[in-house]
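Structure first, commentary second.
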Protein chains: 2
Amino acid sequence: MGIGKNIKRVDAWAKVTGQAKYTQDYMDDRMLVAKVVHSTIANGLVTGFDLEEALKVPGVVKIVTCFDVPDIDFCTPGHPWSVEAAHQDIRDRRLLNRRVRYYGDDVAAVIAENEIAANRAVRLIKVHYEEYPPLVDVADAMAEGAPVMHENVPDNILKHTSFALGEMSFDEALKEDGLLYLDKTYDTQRVQHCHIELPVSYAYQDGNGKITVTTSTQIPHIVRRVIGQALGIPWGQVRVIKPYIGGGFGNKQDVLYEPLNAFLCMQVGGRPVRLELTREETFANTRVRHAIRFHMQAAVRPDGTLVARRVQAYSNQGGYASHGHAIVANASNMIKQLYRDEKALESESFTVYTSTVAAGAMRGYGIPQGDFASECLIDDLAGLIGMDPLEFRLKNCMEDGYKDPHNGITFHSYGLKKCIQAGREAIGWDEKRKVYARQTGSKRRGIGMAIFCYKTGVYPISLETASCRMVLNQDGSVQLMMGATEIGQGADTVFTQMASEVLGITEDRIYIVSTQDTDVTPFDTGAYASRQTYVSGKAVRQTAEMLKDKILEYAAWMLKLDQKNLSIRDNMIIDPEGEDLLTMEALATEALYSLERSVHISAESTSHCKENTFASGACFAEVEVDMPLGKVEVLNIVNVHDSGILINPKLAEAQVHGGMSMGLGYGLSEVLMYDEKGKPLNNNLLDYKLPTAMDTPELEVQFVELQDPTGPFGNKALGEPPAIPVAPALRNAVLQATGVAFDELPMEPQRMVAAFKTAGLI
Amino acid sequence: MGIGKNIKRVDAWAKVTGQAKYTQDYMDDRMLVAKVVHSTIANGLVTGFDLEEALKVPGVVKIVTCFDVPDIDFCTPGHPWSVEAAHQDIRDRRLLNRRVRYYGDDVAAVIAENEIAANRAVRLIKVHYEEYPPLVDVADAMAEGAPVMHENVPDNILKHTSFALGEMSFDEALKEDGLLYLDKTYDTQRVQHCHIELPVSYAYQDGNGKITVTTSTQIPHIVRRVIGQALGIPWGQVRVIKPYIGGGFGNKQDVLYEPLNAFLCMQVGGRPVRLELTREETFANTRVRHAIRFHMQAAVRPDGTLVARRVQAYSNQGGYASHGHAIVANASNMIKQLYRDEKALESESFTVYTSTVAAGAMRGYGIPQGDFASECLIDDLAGLIGMDPLEFRLKNCMEDGYKDPHNGITFHSYGLKKCIQAGREAIGWDEKRKVYARQTGSKRRGIGMAIFCYKTGVYPISLETASCRMVLNQDGSVQLMMGATEIGQGADTVFTQMASEVLGITEDRIYIVSTQDTDVTPFDTGAYASRQTYVSGKAVRQTAEMLKDKILEYAAWMLKLDQKNLSIRDNMIIDPEGEDLLTMEALATEALYSLERSVHISAESTSHCKENTFASGACFAEVEVDMPLGKVEVLNIVNVHDSGILINPKLAEAQVHGGMSMGLGYGLSEVLMYDEKGKPLNNNLLDYKLPTAMDTPELEVQFVELQDPTGPFGNKALGEPPAIPVAPALRNAVLQATGVAFDELPMEPQRMVAAFKTAGLI
């Protein structure tokens, strides 16, 4: 019972037997079907439609175009709303857009009796455009005379920020004698989340005006607010229900098609309308990980001291702001935090609109990109001075007690160097680095590593608030309600363990309500930023303490004993000697049905979290590179994580497995490609190379478990970190194996073969 | 805004447009279908089944018989559970019964892929019985040597209670000189609720064992408990959802087929199974109003003083206890309360098992029966001494401040005599009684009246507890969650008005959650006993006061003002001068999203109600009796009600209309008949004569609005009362018109023609 135990997931049985209900499971065939008409140009303006043929399709109920939607620009990212206008998200899109800003932009929608009719009508709609040149890359968009994507952003630069640290400028620092200097560019690619469950929702409107939207989202309370904003109706008039969801990874931390779905149901008198995306639409029309180019300059002393760095990051935002600049800012911050520069660090970040699919949140939120640049640079610098890159990291990485000079986030529990040490031993770093130092032949082996740090939640950059409600059932079991969401990661299970730990009630007697329903569910901003076990966990702890207090107060009244002497253990009220006094069942039944004192014991509270802490870790990879085939075989890979106390070690391990496999795809195969017209080339799972189970090696996981003093149970971030260090560790292993530095992801066969040819290795 | 206003029902639009969702609306065709196999004998034992042919029907998934169900006897009535064994309901039935106790008892169930297969299989099942003599009437069941219905009740008398009031015994009181004496028997019949929506539910079981049952019920939290008890599983493992329901009238204050439905889904691995009753089953297999025979003896002085009464009541319970003796006890109490006997009152009540359908709760809960006996007797006594029955009532009826000597329930706000006076004027009593005193011919007119009193809720006889939760939405609107249920009577609307009144927030900004879901909904015992506006209304008031306090506390913090000086009016925080300071919207947004102090404002509380008060009223009817046709035409009818302050006068009036039309059917046409073998004869809406709109005269309603000091808003019971006094008022009107006393309900044509022939009138 409680923290640190490997209890079975509370939803395990439901999920493996197929009983768990997802949005699809609540739909029925009587619902109308909506299909979106997507633009077939990447940049331009809709000048008109020819709907005649489409309207003739039997079963078509209504066609709505970008000329019919409210005159309201709205924002989509899953951030807490800000009461200060300056901190509010960017409102730059409509329910349907007349100004087309990427190939596939939403320009109209068909509502029909069934999917066949809807699809037929979509194909028969003729859209007339005024076409502008596509802006596929950041360079296109920043070029002189590039077409303006959004009127109020004439240079297409959504945002530009910079900071500097150290006693002097980067240029000043370079003047020191004997420094070795490096100037490199690292490129990360556009990838997609590829969650199993596609974005899907359905909406209807009640007679009293309330719109109910059931959707696969990570952020039900935020979806509620954004629908209200997008439609210009009171937020309380919107009800959002989130059933089980089949993965999100940040894509569902954006409000995607729910506002349009809500709007469409209002166009047909409130009738239920469902809107499901295809896989192709999910690639082309939802969100992707930002492709970021990092221009890195660095100077190092021959003894391995990192003296100065200059980072310029260019983030390809796509056509709409979504989470926008927050992602490249996060990357740049992490580059700053992970190593100290003795003299200077200069950082500059640009987020640039292009006419491609909008980039948004994805597991790691900029850190995988930043970590790739940071960790490639570190290995390149170590190579430059002939130093072991592990030793170079130990010498320069963030230290125990590190505190970010800008936002004050502090390393309250420090496991980074312990993780490096554990990984070093697990992979056999010292021996293998030597063995693989000089190889010949077409297959060569190498080992590489990367480290990272990751903050937990978003405080103080943004708001961290979470509520929880608990109710004592008639039989002494407990209902646990969270605004925080289960999105496959096991949140429901760890919240249950937390409640069990505090309450003294066994997990089998705690029923978490997995479905969020914004009409009744306590408020929480949702699943993102690896925040829930930390931020929402505090709400569980606090609420459980309140509930326990109420239970014991009632027990004291029943037993005519002093409350101070009572406690709960294994569903029993006990005395200080541990003797059983009363079952929870007897207490609960009495509390509800007492003729003397009937009370429905419940507790509800908000935890406004004003703390943060760093998690950290390292990945070590051993690879064999088949150079003629351009193929990397991962022989061994180990992630070591410093995430504080683990609530459920087995679940934690599974979380790391998932992140590592995502990192493998990021490093070796995945990229969403566009042609020069701005049209996506491989927006399907045949051409987009997501690794399968067959591609995944044995994944080793270790933890350095330290009690974090700020975590509700000594815990800190774990959700996103595992995906971060894998790609740079692989790149550094390939570098050791072959001597070729791959500075652009992914390291897929064509690119590798070309590079090995250039290097004269094949 | 608030109390006393005729706001539109909050569910009006949804209900008239068909958008309101009922249990059926949540079902889908993929669900399995269950059908119950009913016994074709009224009394006996199942000795075996022949299932072979039934199992061959394509689509049949499983057949479960009375030999397969848990060895658990359970109780069904919608009462709060009692922690004291002596006060617990009677557990006398199984999920399926081997011992058959009425024609139609549940002996087996078929689960099939569709309804056609299920029905075919039901018809092919052969049941073997050992048959006992049927016990249709109380007399049969109390006869020497009658077969025993339940082993632990050898005389078939489920319960027998008695009480006596006054300075002497009834026999002693009779010794006074000059008394006039009456000995009569009044018979009330078995009727059915005839709610529009038939009993319907569906159930499935999750992987973690939780069983969810969506059902048309008045009492979701009680259904949860009873399913737990019937299946022998922890109550917290059961989740009950109650959507909108299409009427209940007490039939759905019993746990009918939900436990069997839950059990059946467990027999097919948790797959969803739906169980819908037909109208025929609803008549024959759910609950009916108890047929009660009252043997009344009374003595009166020539001056109109009621000196003594003796009442013996025999209640036909049917085969299972259900609400049992509580109903006849309620009737006997009301007879006691409504008039004072100067010297003696003796009362004796019997509840007797017979082999007919179980009788249970129905609007009025015994009072319509008791009132019929009481008010017939009063007119018969008035006739005996030649006194105006209205004057006779005024002289003897309960007085202002009446307090029941047994349970202490007090008449805190007294409108009874005002109701009599108002009705007297409305119907033109004084003139018409004279005009109609002496008539000839085959059509004759008369006027009659009846009065009643009715307690509000069940305190102190049983527990009264109710909880409420309110949450401030992001836009300053409010979610209102009640365990109390909307069953068509308008509860959602009046709770909304109550919340609005206290909060200062307009009704359009208060969203009541109409669906109860026992996993998240605050506890309440449900809709019965005319308790909700009184008992649950107290929970609304208390919770709204808590929420308001939290809102104003936050407003004071935001505005840096003293909370004492702040209030809310029309969705604005105002100062003592009534100046607007802040919108609720701004406050709510700040409260959630403040970086300084984020709090999700909510309130939840239980009101344990330890008060009660009497409502009262009168019905006056003017009729024309066509004696050769045996037909009663109601020329005028008026109900006058003393129900305290009306929350919504229009809704109150509609409630009285519904009750009056139910009373008309009770008085004139409705009876569920059985043949001598114990088989129901007219269990369908063709042969059972429910009045239609065409049969219903203009219904006049008046109220005497007095502030009740114990009601949360000066209000008291209104739900059940309107149905009570109509039948006796009609009977007394017919008595005046024809001189024939109909002492048995209903006054339907055959019975009337026979009586008029006997009386020599036709």
Side-chain angles (χ1 to χ4, degrees), chain A residues 10-17 19-20 28 80-83 204-208 210 221 224-225 228 234-237 270 460 463-465 467 469 471 473-479 481 483 509 511 513 517 519-523 585 589-590 592-595 597-600 602 604 606 608, chain B residues 10-17 19-20 28 80-83 204-208 210 221 224-225 228 234-237 269-270 460 463 465 467 469 471 473-479 481 483 509 511 513 517 519-523 585 589-590 592-595 597-600 602 604 606 608:
Chain A
V10 296
D11 50 12
W13 189 267
K15 287 193 168 175
V16 298
T17 58
Q19 289 173 328
D28 69 53
W81 187 235
S82 176
V83 285
Y204 60 88
Q205 185 172 31
D206 287 341
N208 62 3
K210 187 155 258 193
H221 274 100
R224 176 188 220 189
R225 185 250 302 166
W235 307 354
Q237 208 170 306
L463 173 69
E464 281 296 7
T465 187
S467 296
R469 175 174 176 242
V471 176
N473 282 327
Q474 303 175 49
D475 65 347
S477 60
V478 169
Q479 294 296 134
M481 274 148 270
R509 304 280 287 160
Y511 299 101
V513 179
D517 172 346
D519 262 13
V520 299
T521 301
F523 189 83
E585 187 171 358
T589 312
E590 179 75 23
L592 269 178
Y593 295 114
S594 166
L595 292 175
R597 188 175 167 220
S598 166
V599 52
H600 188 216
S602 67
E604 181 166 2
T606 303
H608 182 174
Chain B
V10 297
D11 49 11
W13 190 269
K15 287 193 169 176
V16 297
T17 59
Q19 289 173 329
D28 69 51
W81 187 235
S82 175
V83 286
Y204 59 89
Q205 185 171 32
D206 287 341
N208 63 3
K210 186 156 261 194
H221 275 99
R224 176 188 221 189
R225 184 251 301 166
W235 306 353
Q237 208 170 306
L463 173 70
T465 187
S467 296
R469 176 174 175 243
V471 177
N473 282 328
Q474 304 175 48
D475 64 348
S477 61
V478 169
Q479 295 296 135
M481 274 148 271
R509 305 281 286 160
Y511 299 101
V513 179
D517 172 346
D519 262 14
V520 300
T521 302
F523 188 84
E585 186 169 359
T589 313
E590 179 75 24
L592 269 177
Y593 295 114
S594 167
L595 292 174
R597 187 174 170 224
S598 165
V599 52
H600 188 216
S602 67
E604 181 168 0
T606 302
H608 182 173

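Order of the sequence lines sets the chain letters (A, B, ...), proteins ahead of strands, with each chain counted from 1. Note that these values count all heavy atoms, side chains included, but never hydrogens, waters or copies made by symmetry.
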Give the member of [options] that has the highest number of heavy-atom pairs under 4.5 Å with chain A.
{"options": "B:D28, B:T589, B:T17", "result": "B:T589"}
{"options": "B:V16, B:L463, B:T465", "result": "B:L463"}
{"options": "B:R509, B:H221, B:K15", "result": "B:H221"}
{"options": "B:S82, B:S477, B:P234", "result": "B:P234"}
{"options": "B:M481, B:R469, B:E604, B:E590", "result": "B:R469"}

| request: Report the option among A:A12, A:G476, A:G236 that has the most heavy-atom pairs separated by less than 4.5 Å from atoms of chain B. | output: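 When all of A:A12, A:G476, A:G236 are compared, A:G236 has the most.
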
| request: Determine, stepwise, if the pair A:N208 / B:W13 fulfils side-chain contact (heavy atoms from CB on, under 4.5 Å). | output: CA-CA 6 Å; A:N208 62 3; B:W13 190 269; 5.8 Å; no

| query | Hey, what's the ring geometry for A:H600 with B:F523, parallel, tilted or perpendicular (30° and 60° as the breaks)? | reply |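 The arrangement is tilted - the two ring planes meet at 30° to 60°.
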
For [X], is it the side chain, the backbone, both or neither that has a heavy atom under 4.5 Å from a heavy atom of chain A?
{"X": "B:S598", "value": "both"}
{"X": "B:P522", "value": "both"}
{"X": "B:Q205", "value": "backbone"}
{"X": "B:V599", "value": "both"}

| field | Interatomic distance, B:T606 atom OG1 to A:L592 atom CG [nearest 0.5 angstrom] | value |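 Going from the OG1 atom of B:T606 to the CG atom of A:L592 covers 7.5 Å.
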
| query | Measuring from B:N473:CG to A:R225:CZ, what's the distance to the nearest 0.5 Å? | reply |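 So the CG of B:N473 and the CZ of A:R225 are separated by 14.5 Å.
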
| query | Only one of B:D519, B:V471, B:V520 clears side chain to side chain contact (heavy atoms under 4.5 Å, CB included) with A:V520; which? | reply |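 The option that passes is B:V520.
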
| request: Would you confirm whether B:Q474, through its side chain, and A:W81, through its main-chain N or O, come within 3.5 Å as a donor-acceptor pair? | output: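 No.
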
| field | Where A:W235 and B:D475 come nearest, the two heavy atoms and their spacing | value |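 Between these two residues, the closest heavy atoms are N-OD2, 3.2 Å.
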
| message | Are B:Y511 and A:Q237 packed together at the side-chain level, in the sense that at least one heavy-atom pair is separated by less than 4.5 angstrom? | response |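 A side-chain contact under 4.5 Å exists here.
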
